[in-house]
Amino acid sequence: MSTSTPAKKEIAAIKGTKDILPGEVGIWQKVEAEAKGLFEFYGYRELRAPVFEATDLFEKGTGETTDIVTKEMYTFTDKGGRSITLRPEYTPSVARAIIEHRLYLQPDPLRFYFIGPMFRYDKPQKGRYRQFHQVDVEVFGEKDPAIDAEIVEMADTLLKNLGVQNAETLVNSVGCRACRPAYSKDLRAHAEKVRDLLCPDCQRKIATNPLRIFDCKVESCREQAARFPKISSYLCRECRDHFTKFCSYLDLFGIPYKVEPNLVRGLDYYTKTTFEIVSSGLGAQNALLGGGRYDDMMKDFGGPDLSAIGFALGMERLISILKIKPEKSKFLYIATLGEAAKTKGIEFARFFRRQGVESLIEFVGRSLKNQMSRANKLGAAWVLIVGEEEIRKGLYQLKDMATGNQNEAKAEDLLKIICDSA
RNA sequence: GUGAGUGUAGCUCAAUUGGUUAGAGCAUCGGACUGUGGAUCCGAAGGUUGGGGGUUCAAUUCCCCUCACUCACCCCA
């Protein structure tokens with residue numbers, strides 16, 4: 001229909017991706033540092049896996065029936081004919097790395113964390129991006145419910161340290177391979193009876209994954225789901241015991257939580273404990289962090305029978321609700337006038353940087369007034385003025401920008417003045 | 001994949017029922033002030049009104065298509 005020439009498109013970031021500009025990156029660095037410091041304190045170590053993996057790692061790990069695998073993966077064939085997928089989540093990569101490097105034969109605790117980008121072909125909206133960043137935490141080889149509680153406590157502590165308020169911790173147990181099938185069967189039977197009252201999506205879920213009917217937000221589905229049997233009455237002795245102990249450990253840690261029988265995580269691999277921390281103020285995508293136990297993944301991957309638990313936290317979501325501002329560093333602006341001063345200024349910059357004083361010198365050739373104005377706008381703590389006169393006299397002007405006081409000093413005394421007022 | 005909303009300067013927003021040359025604040029640059037920042041005043045620069053088509057004497061305004069962004073469904077961090 002349209003024979004018009006296509007509009008010139010300005011070069012732009014891909015849909016669902018965004019630049020984190022210098023003005024915003026400070027808060028990212030602060031959150032990353034806070035998370036890393038805390039995790040290391042609990043005995044976790046960083047494990048960095050590649051951004052892409054063989055596609056079948058996620059098919060097997062994340063689950064072939066999940067939405068993530070069936071419709072959200074960035075999958076392509078490389079020049080060697082391999083099917084490659086940009087990781088949509090981190091857990092399968094960690095499991096793979098542990099098996100590949102036989103890390104379970106080392107004495108070190110199998111506790112890992114990682115912060116980095118994940119990729120999902122979702123339609124972007126508030127709190128949802130195609131490239132987004134997760135903080136990922138995993139523990140292997142611990143089946144005691146105490147670790148379930150500790151990992152929740154660690155997540156809770158991180159959020160508290162960052163000043164997050166209005167966050168609520170939800171917990172549940174989804175059973176295991178011994179007890180969940182019976183529950184799923186009964187759930188299917190119940191759902192089947194009221195099939196006509198459910199939305200088309202949920203009608204489909206009856207066959208594929210009936211637990212996820214609990215996730216539905218359609219009013220009629222919620223009404224029906226409320227009458228469905230609860231997982232809690234189907235848990236086997238082991239799972240029930242695990243969940244009870246998990247809850248009492250949470251009490252011991254002093255973590256407030258809410259048992260949410262309808263909490264069903266969207267990944268297939270979860271067993272026993274699942275948890276989520278939600279926050280108001282995030283919009284529809286209200287999960288700040290989510291995770292749970294996945295005791296079968298390692299042996300399903302052909303590795304040792306190691307139980308595991310972990311969680312992932314959404315960086316963009318977390319940062320969107322943070323109110324803290326990282327403090328700006330104090331730095332020295334070196335203003336120069338003329339060629340000789342420029343050389344001298346470069347020498348000063350090198351000297352001060354080596355002494356641990358952040359220093360900025362610009363070479364645009366501005367007037368002194370202009371350089372002062374720049375220094376002020378950029379938030380410099382001090383300005384060092386280097387001109388012909390200063391060089392001749394061997395005395396330099398150092399201005400404290402906060403007070404406006406200006407001292408004349410020899411080169412060797414400048415550092416002391418700066419350090420004294422820092 | 002489905003639905004709704006919004007697109008005007010770098011940013012935040014104006015522009016009468018469709019009506020002259022599309023304005024303002026902030027930011028940028030310059031000047032008042034030859035080597036001293038913040039405040040004030042003056043000035044400059046910055047726009048194919050997202051793009052294309054249509055209706056009209058006339059379109060930022062109305063209609064259609066398209067693109068982008070935002071929000072929601074879905075899914076999840």
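Chain letters run A, B, ... following the sequence lines, proteins first and then strands; every chain starts at 1.
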Give the B/S/- string for nucleotides 1-7 of chain B, one per nucleotide from 5' to 3', where a protein heavy atom under 4.0 Å of the base yields B, of only the sugar-phosphate yields S, and otherwise -. BBB----

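Spacing between B/rC33 and B/rG43 at atom C1', rounded to whole Å, works out to 16 Å. The same atom, P, is picked in B/rG35 and in B/rA44; the two are 23 Å apart, to the nearest Å. One P atom belongs to B/rC76, the other to B/rA15, and the distance between them is 44 Å to the nearest Å. Taking atom P on both nucleotides, B/rU21 is separated from B/rC64 by 28 Å, rounded to a whole Å. Across B/rU17 and B/rA32, the matching C1' atoms stand 47 Å from one another, rounded to whole Å. Using P as the reference atom, B/rU8 and B/rU61 are 13 Å apart when rounded to the nearest Å. Using atom P as the reference point in both B/rU36 and B/rG30, the two lie 16 Å apart (nearest Å). Between B/rA22 and B/rA59, the distance separating the two P atoms is 13 Å to the nearest Å.
Residue A/K369 is in base contact, counting any heavy-atom pair closer than 4.0 Å across all strands shown. No engagement by A/E276 is indicated, since no non-hydrogen atom pair under 4.0 Å with the nucleic acid exists. Using a 4.0 Å heavy-atom cutoff across all strands shown, A/F311 reaches no nucleic acid atom at all. Counting any heavy atom pair closer than 4.0 Å across all strands shown, A/Q371 reaches no nucleic acid atom. Using a 4.0 Å heavy-atom distance criterion, A/G404 is classed as a base contact. Among the protein residues, A/E72 comes within range of the sugar-phosphate backbone only, with heavy atoms under 4.0 Å from sugar or phosphate atoms but none that close to a base.
Of the two residues near RNA chain B, A/A402 and A/G291, the one whose nearest nucleotide lies more 5' is A/A402. For the pair A/A13 and A/K71, both in contact range of RNA chain B, the more 5′-proximal nearest nucleotide belongs to A/A13.
The closest donor-acceptor contact from the side chain of A/R293 to the backbone of A/Y270 lies at 3.5 Å or more, if one exists at all. Judged by distance alone, the side chain of A/R87 and the main-chain N or O of A/P50 form a donor-acceptor pair under 3.5 Å. With hydrogens and angles disregarded, a donor-acceptor distance shorter than 3.5 Å links the side chain of A/R128 to the backbone of A/K123. Here the side chain of A/N172 pairs a donor or acceptor atom with the backbone of A/P261 at under 3.5 angstrom.
With B/rU36, B/rA77, B/rC73 as the choices, the nucleotide that has an atom nearest any side-chain atom of A/K399 turns out to be B/rU36. Closest approach to the A/S367 side chain among B/rG35, B/rG37, B/rC71 is made by B/rG35 (side chain taken as heavy atoms from C-beta onward). Side-chain proximity of A/K126 to the nucleotides B/rC71, B/rG35, B/rC69 is greatest for B/rC71. Nearest nucleotide to the side chain of A/A284, out of B/rA72, B/rC76, B/rC29: B/rA72. For A/Q125, the listed nucleotide lying nearest its side chain is B/rC71; candidates were B/rC71, B/rG35, B/rA77.
At the phosphate of B/rC29, neither OP1 nor OP2 sits under 4.0 Å from any side-chain N or O atom of A/N370.
In this structure, A/K18 is positioned above the aromatic face of A/Y129, its NZ or CZ under 6.0 Å from the six-membered ring centre and within 45° of the axis. Annotation: cation-pi geometry satisfied between A/R130 and A/Y121 (NZ/CZ under 6.0 angstrom from ring centroid, within 45° of ring axis).
In this structure, the CG atom of A/L21 is 12 Å from the P atom of B/rC11, given to the nearest Å. The distance from atom CG of A/L86 to atom P of B/rA77 is 17 Å, rounded to the nearest whole Å. Rounding to whole angstrom units, CG of residue A/N286 and C1' of B/rC76 are separated by 10 Å. Atom OH in A/Y333 sits roughly 13 Å away from atom C1' in B/rU36 (whole-Å rounding). For the pair A/D67 CG and B/rA77 C1', the interatomic distance rounds to 15 Å; values are reported in whole Å. With rounding to whole Å, A/L332 atom CG is found 15 Å from B/rG37 atom C1'. Going from atom OH of A/Y270 over to atom C1' of B/rA77 covers 10 Å, rounded to whole Å. To the nearest angstrom, P of B/rG35 lies 15 Å from CD of A/Q406.
Ionic pairing of A/R195 and A/E192 is present here: one or more N-O contacts between side-chain nitrogen and carboxylate oxygen are shorter than 4.0 angstrom.
Here A/E89 pairs with nothing under the salt bridge (Lys or Arg N to Asp or Glu O under 4.0 Å) rule; sequence neighbours left out. A/R188 is linked by a side chain to side chain contact (heavy atoms under 4.5 Å, CB included) to A/S184, A/I206, A/P210, counting only residues two or more places apart in sequence or in another chain. The side-chain hydrogen bond (donor to acceptor under 3.5 Å, both in side chains) check on A/K330 picks up nothing, with sequence neighbours excluded. Residues satisfying the side-chain hydrogen bond (donor to acceptor under 3.5 Å, both in side chains) test with A/S232, not counting sequence neighbours, are none. Applying the salt bridge (Lys or Arg N to Asp or Glu O under 4.0 Å) criterion to A/K71, with sequence neighbours excluded, gives A/D67.
Within residues 410-422 of chain A, no residue has any heavy atom closer than 4.0 Å to RNA chain B. For the contact set between residues 314-331 of chain A and RNA chain B, defined by any heavy atom under 4.0 Å, the members are A/G314, A/R317. A heavy atom closer than 4.0 Å to some atom of RNA chain B occurs in A/M372, A/S373, A/N376, A/K377, A/I385, these being the qualifying members of residues 372-385 of chain A.
Side-chain contact annotation: A/Q131 with A/Y74, donor-acceptor N/O pair under 3.5 Å absent. A donor and an acceptor atom, one from each side chain of A/E53 and A/S93, are located under 3.5 Å apart. Side-chain polar atoms of A/H242 and A/D144 form no donor-acceptor pair below 3.5 angstrom.
Checked against the 6.0 Å centroid threshold, A/Y90 and A/F114 count as a close aromatic pair.
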Side-chain atoms of residues 332-344 of chain A: list all donor-acceptor pairs with protein atoms under 3.5 Å, sequence neighbours left out, distances to 0.1 Å.
{"residue": "A/Y333", "atom": "OH", "partner": "A/E362", "partner atom": "OE1", "Å": "2.6"}
{"residue": "A/T343", "atom": "OG1", "partner": "A/E339", "partner atom": "O", "Å": "3.3"}

Solution key, residues 319-328 of chain A side-chain donor-acceptor pairs under 3.5 Å, sequence neighbours excluded:
{"residue": "A/S320", "atom": "OG", "partner": "A/R317", "partner atom": "O", "Å": "2.7"}

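Annotation: side chain of A/V152 is in contact with side chain of A/T169 (closest heavy-atom distance under 4.5 Å).
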Here RNA chain B, pairs taken as Watson-Crick or G-U under 3.5 Å and shown with ( ), [ ] when crossing and | when to another strand, reads (((((((..((((.....[...)))).(((((.......))))).....(((((..]....))))))))))))....

